[in-house]
Engineer: 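Following this message is one structure expressed as C-alpha cells.
Numbered from 1 within each chain, the chains take letters A, B, ... in sequence-line order. The model shown is predicted, which means the values in this text are computed figures rather than measured ones.
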Number of protein chains: 2
Amino acid sequence: MGKALAVSPLAPTAFPDLPVIGGVEFAAAQAGVRYAGRTDVMLVRLAAGTAMAGVFTRSATRSAAVLDCQEKIGHKDSGPAAIIVNSGNSNAFTGRNGVESTHAVTSAVAQTLEIEENRVFSSSTGVIGEPLPHARITAKLDELKANLNPNGIAEAARAIMTTDTFPKGATATIEIDGKPVKIAGIAKGSGMIAPDMATMLVYIFTDAQADQAKLQKMLSKLTDVTFNAITVDSDTSTSDTLLLAATGASGVNVDGNAAFEAALHEVMLDLAHQVVRDGEGATKFVEVNVTGAASDSDARVHAMAIANSPLIKTAIAGEDPNWGRVVMAIGKSGAAADRDLLTIRFGDILVAEKGWVSPTYKEQLGADYMKGQYLAINVDLGLGVGKSTVWTCDLTHGYISINADYRS
Amino acid sequence: MGKALAVSPLAPTAFPDLPVIGGVEFAAAQAGVRYAGRTDVMLVRLAAGTAMAGVFTRSATRSAAVLDCQEKIGHKDSGPAAIIVNSGNSNAFTGRNGVESTHAVTSAVAQTLEIEENRVFSSSTGVIGEPLPHARITAKLDELKANLNPNGIAEAARAIMTTDTFPKGATATIEIDGKPVKIAGIAKGSGMIAPDMATMLVYIFTDAQADQAKLQKMLSKLTDVTFNAITVDSDTSTSDTLLLAATGASGVNVDGNAAFEAALHEVMLDLAHQVVRDGEGATKFVEVNVTGAASDSDARVHAMAIANSPLIKTAIAGEDPNWGRVVMAIGKSGAAADRDLLTIRFGDILVAEKGWVSPTYKEQLGADYMKGQYLAINVDLGLGVGKSTVWTCDLTHGYISINADYRS
C-alpha cells in the first residue's frame with residue numbers, strides 16, 4: 001500500500017450518522033498487521049441472545065476465516081457473541097497455518113471476552129498467501145476490550161478499509177407496534193470483489209429480535225438482489241463475508257415482518273451501491289435493467305453479461321453510447337434472446353428496437369446522456385416476464401493503474 | 001477510424017510468403033464502404049468441386065452474413081464457389097435490411113462470376129447497426145473479377161483488416177504419397193473477438209481433396225483447440241466466421257489423414273496466436289495450461305477463468321507475479337478445485353503448492369520471469385487427468401484507450 005488513492009468521484013459527501021444499536025459495542029486498534037499509522041483491527045461485542053446470520057463467498061478457494069464462520073453460523077447457542085476483523089492480510093491460501101491463525105485469534109477473543117469460541121466470528125482482508133501475524137492481533141485484545149463502546153461504529157468502519165477510498169455506512173429505523181427498530185451497517189470493498197485488498201466485508205447490526213433460521217432466510221434472499229447483484233470486474237474474492245447480528249434489544253420480534261425486511265433491504269442496497277461507487281477507477285455508476293426475459297435467471301445472465309463486458313464498460317468510460325456492444329453482450333451471454341425482438345434504452349432514450357436502431361434515435365441524444373455520472377442501460381428482450389437489475393461501474397485507466405501495479 | 005494504431009510489439013517481423021493454392025484466385029478493391037485510401041473488399045474464386053467447411057460465432061445476435069453462410073455450408077453442390085468479404089461495416093443488427101444487403105451482395109457475385117448463389121459465402125466486419133452500403137461493393141465486382149489472380153492472397157489479407165495492426169497469414173506444406181499438399185490461411189481480428197471492428201474472420205485454403213462432411217468434422221474439432229481457445233477480453237463477436245476451402249487441385253485425398261490434420265492444426269494455431277498477439281493494447285502473450293482437472297471441460301473452465309480475469313491480466317501488464325489472483329480465478333470459476341491440492345507455476349518456476357506458497361519460491365524469481373514477453377501460467381489441480389490450454393494477452397492502458405474512445 002503506502003500510496004493514498006484519491007477519493008472516488010462517486011463517494012457520498014460524508015459518512016452517515018449511524019445510531020447506537022442496543023447490545024452492540026465496538027472498538028478499533030492499531031495492531032500493525034501490515035499498515036502503520038492507522039487502525040487495522042475492529043472488535044465487536046454482541047449481547048447474549050444475539051441471532052447471527054451470514055452469507056459467504058462461493059469461491060472454491062475460501063479462506064480459513066470464511067470456512068470457520070460458515071461452520072459456526074446456524075447454531076442456536078444463545079450466549080454473547082463477537083466479531084473480530086483485521087485488514088492488511090487476508091490469511092487466504094495459507095494452508096494449515098491459516099487454519100491455526102484463525103483459531104488462535106478466535107480462541108483468544110473468546111478468552112478475553114469470556115464467551116464461547118463458537119460464538120466468535122472472524123474475517124481477514126488484505127494480501128493473499130502470506131502468513132497472518134496473528135500475535136499482533138491477539139496482543140491488542142485487552143486494549144480493544146477496554147475500549148468497547150456503543151458509539152464506535154464509524155471507527156470500526158475505518159479499521160476494516162483496504163483500497164477503499166471512503167468508509168461505508170448505512171442505516172434505517174422503522175417503527176413496529178409503536179416501537180423503533182434500528183439497523184446500522186458498515187462495509188468495505190473497493191468494488192472489484194477480489195482477493196487482494198478488495199474483498200467485500202459487510203457487518204450489519206440491528207436491535208430487532210429474530211429467530212436465527214428465519215433471519216438467515218431473509219438475509220440470503222436479500223443478498224441475491226443486493227450484494228450478489230453488483231459487479232465491478234467479475235472477479236470474486238476468497239474472503240467475501242456478510243454477517244447480520246440481531247441483538248433483540250428493542251424487544252420487537254421481526255420474524256416475517258415485511259417492514260423490517262424492506263428496511264434491511266434498503267440498508268443492504270445502500271452499502272452494495274457504495275461498494276460499486278468505490279469501484280477501482282470508477283467514474284460512472286451504472287444500473288442495468290433487463291426485462292422481458294424468458295425467466296428471471298435468464299434476465300440475470302443477460303444483465304451480468306452486460307455489466308461485466310469490458311467493451312461496454314470502456315465505452316461508458318469514454319461516454320460513447322455504443323449500443324452495438326450491448327447487442328453483442330446479449331448475444332454472447334448464452335441465455336435466450338431474439339435479435340429482432342430486442343429493445344434497448346439508455347435511460348429513457350429509445351435506442352434500438354426490432355433488430356435495428358430506432359428511427360427516433362439520434363446519436364447526439366445518446367452522447368449527451370452518457371455524459372451523466374449515473375446511467376441506466378435498459379434492455380427488454382420481448383420474450384417473457386423475467387427480469388433482473390444489477391449495478392456496475394465503468395472500466396477506466398484508473399482501474400489499470402491500480403491493478404497493474406499493486407503488490408510488487 | 002482514421003487514427004492509425006502502432007503495430008503491436010508482439011507482431012511477427014513480416015507477413016509470411018504464402019504459396020499459390022491450385023484452384024484459388026484472389027482480388028482486392030477500394031469500395032469506400034467506410035474507409036478511404038485503402039482496400040476494403042476481397043473476392044476469392046474457388047474452382048469447381050471445392051469442398052467448403054465453416055465454423056461460426058455462437059452469438060444469439062448473429063449477423064445476416066453469418067446466418068446466410070450457415071445455411072449454405074454443408075450442401076454437396078459441386079460447382080465453383082466464391083467468398084466475398086468487406087471491412088468497414090459489419091451489417092450486424094441491421095434488421096431485415098441487413099438480410100437484403102447480404103442477398104444483394106451474394107447474388108451480384110453469383111451473377112458476375114456465373115456461379116450458383118448458394119455457393120457464394122460472404123462476411124462483413126466493421127461498425128454495427130449501420131446499413132451496409134452494398135451498392136458500393138457490387139459496383140466493384142467487375143473490377144474485382146478482372147483482377148482475380150492466384151498470387152493475390154497478401155492483398156486480400158490487407159483488405160479485410162479493421163483495427164488490426166498487422167495482416168495475418170500462415171502456411172504449411174506436407175507430402176502425402178509423394179505429392180505436396182499445401183495450406184494457406186489469412187485472418188483478421190485484433191483480438192478482443194468483439195462486435196465492432198474486431199470481429200475475427202479466418203479464411204483457409206488448401207489444394208487437398210476432401211469429403212465435405214469429413215472436412216467439416218476435422219475443422220470443428222481443430223477449432224476447439226485453436227480459435228475457441230483464445231481470448232482477449234471475453235467478449236464475443238456477432239460476426240465471427242471461419243471458412244475452409246479444399247479445392248482438390250493437388251489430387252490428393254486427405255480424408256482421415258493425420259498428417260494433413262496436423263498441418264491444418266498448425267496453420268490454425270498460428271493464425272489464432274497472431275490474433276492474440278494483435279490483441280488491443282497487448283504487450284504480453286500468455287499461455288495458460290491447466291492440468292490435473294476432474295475433466296477436460298473443467299480444465300477449460302479454469303483456464304478461461306484465469307485467461308479472462310481482469311485482475312490477472314492487469315497484474316501481467318504490471319509484470320507483477322501475483323499468484324494470489326490465480327488462486328482467486330480458480331476459486332471463482334465454478335469448476336472443481338481443492339485449495340490444498342493446487343500447484344501453480346509461472347513457466348517452470350514452482351510458485352505455490354499444497355495450499356501455500358512454495359518454500360523454494362522467491363518473489364524475485366517471479367518478478368524476473370514476468371518481465372518476459374511470452375509467459376506461461378501453469379496450474380495443476382491434483383484432481384484427475386483433465387487438461388486444457390488457452391492463450392490470452394495482458395490488459396493494459398492501451399486497451400482502455402482504444403475502446404473507451406472508439407466509435408464516437
Side-chain angles (χ1 to χ4, degrees), chain A residues 59-62 92-97 127-129 192 194-196 233-238 308-311 314-315 317-325 327-333 336-340 342 352 354-357 363 367 395-397 399-401 403-408, chain B residues 59-62 92-97 127-129 192 194-196 233-238 308-311 314-315 317-325 327-333 336-340 342 352 354-357 363 367 395-397 399-401 403-408:
Chain A
S59 170
T61 53
R62 271 163 282 207
F93 208 65
T94 44
R96 193 164 298 174
N97 289 345
V127 288
I128 203 170
M192 65 173 158
D196 290 324
D233 61 6
S234 82
D235 277 337
T236 304
S237 166
T238 50
N308 281 325
S309 163
L311 284 174
T314 46
E319 304 189 339
D320 173 6
N322 196 322
W323 58 270
R325 295 183 182 176
V327 175
M328 169 281 299
I330 293 163
K332 77 163 177 173
S333 80
D338 181 331
R339 188 191 60 190
D340 297 338
L342 272 182
K354 296 176 192 152
W356 209 4
V357 63
E363 183 85 0
L395 174 56
T396 67
H397 285 289
Y399 181 85
I400 306 287
S401 295
N403 287 300
D405 188 28
Y406 166 72
R407 205 193 49 167
S408 293
Chain B
S59 169
T61 54
R62 271 164 284 208
F93 208 65
T94 43
R96 193 163 299 173
N97 289 345
V127 289
I128 202 171
M192 66 174 158
D196 290 325
D233 61 6
S234 82
D235 278 336
T236 305
S237 166
T238 51
N308 280 324
S309 163
L311 285 174
T314 47
E319 303 188 338
D320 173 7
N322 196 322
W323 56 271
R325 295 184 182 175
V327 176
M328 170 283 299
I330 293 163
K332 77 164 178 172
S333 81
D338 182 329
R339 188 191 61 192
D340 298 337
L342 272 181
K354 297 178 192 152
W356 208 4
V357 63
E363 182 85 0
L395 174 56
T396 67
H397 284 289
Y399 180 85
I400 306 285
S401 296
N403 288 299
D405 189 25
Y406 166 73
R407 205 193 48 167
S408 293

Engineer: I need the minimum non-hydrogen distance between A:Phe93 and B:Val327, along with the two atoms involved.
Structural biologist: CD1-CG1, 3.6 Å
Engineer: Just give me the residue among A:Lys354, A:Arg96, A:His397 that pairs up with chain B most often, heavy atom to heavy atom, under 4.5 Å.
Structural biologist: A:His397
Engineer: Top residue by heavy-atom pair count (under 4.5 Å) with chain B, among A:Gly129, A:Ala336, A:Ala317?
Structural biologist: A:Gly129
Engineer: So which of A:Val357, A:Asp340, A:Leu395, A:Ile330 has the biggest tally of heavy-atom pairs under 4.5 Å with chain B?
Structural biologist: A:Leu395
Engineer: If you measure from CG on B:Asn308 to OG on B:Ser333, what distance do you get to the nearest 0.5 Å?
Structural biologist: 11.5 Å
Engineer: Which pair of heavy atoms, one from B:Arg325 and one from B:Ala315, lies closest together, and at what distance?
Structural biologist: NH1-CB, 3.6 Å
Engineer: Which atom pair, heavy atoms only, marks the closest approach of A:Ser309 to A:Ala329?
Structural biologist: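 Heavy atoms of A:Ser309 and A:Ala329 come nearest at CB-CB, 4.5 Å.
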Engineer: Kindly say whether B:Met328 contributes a backbone atom to a donor-acceptor pair with the side chain of A:Thr61 at under 3.5 angstrom?
Structural biologist: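 No; judged by distance alone, with no hydrogens or angles, the pair does not exist.
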Engineer: Which region of A:Arg62, side chain (C-beta onward) or backbone (N, CA, C, O), has a non-hydrogen atom less than 4.5 Å from a non-hydrogen atom of chain B, or is it both or neither?
Structural biologist: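 Contact with chain B involves the backbone of A:Arg62 alone.
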Engineer: For B:Thr396, which atoms come within 4.5 Å of any heavy atom of chain A: side chain, backbone, both, or neither?
Structural biologist: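 Just its backbone gets close to chain A.
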Engineer: What part of A:Asp338 gets closer than 4.5 Å to chain B, counting heavy atoms only: side chain, backbone, both or neither?
Structural biologist: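 No part of A:Asp338 comes within 4.5 Å of chain B.
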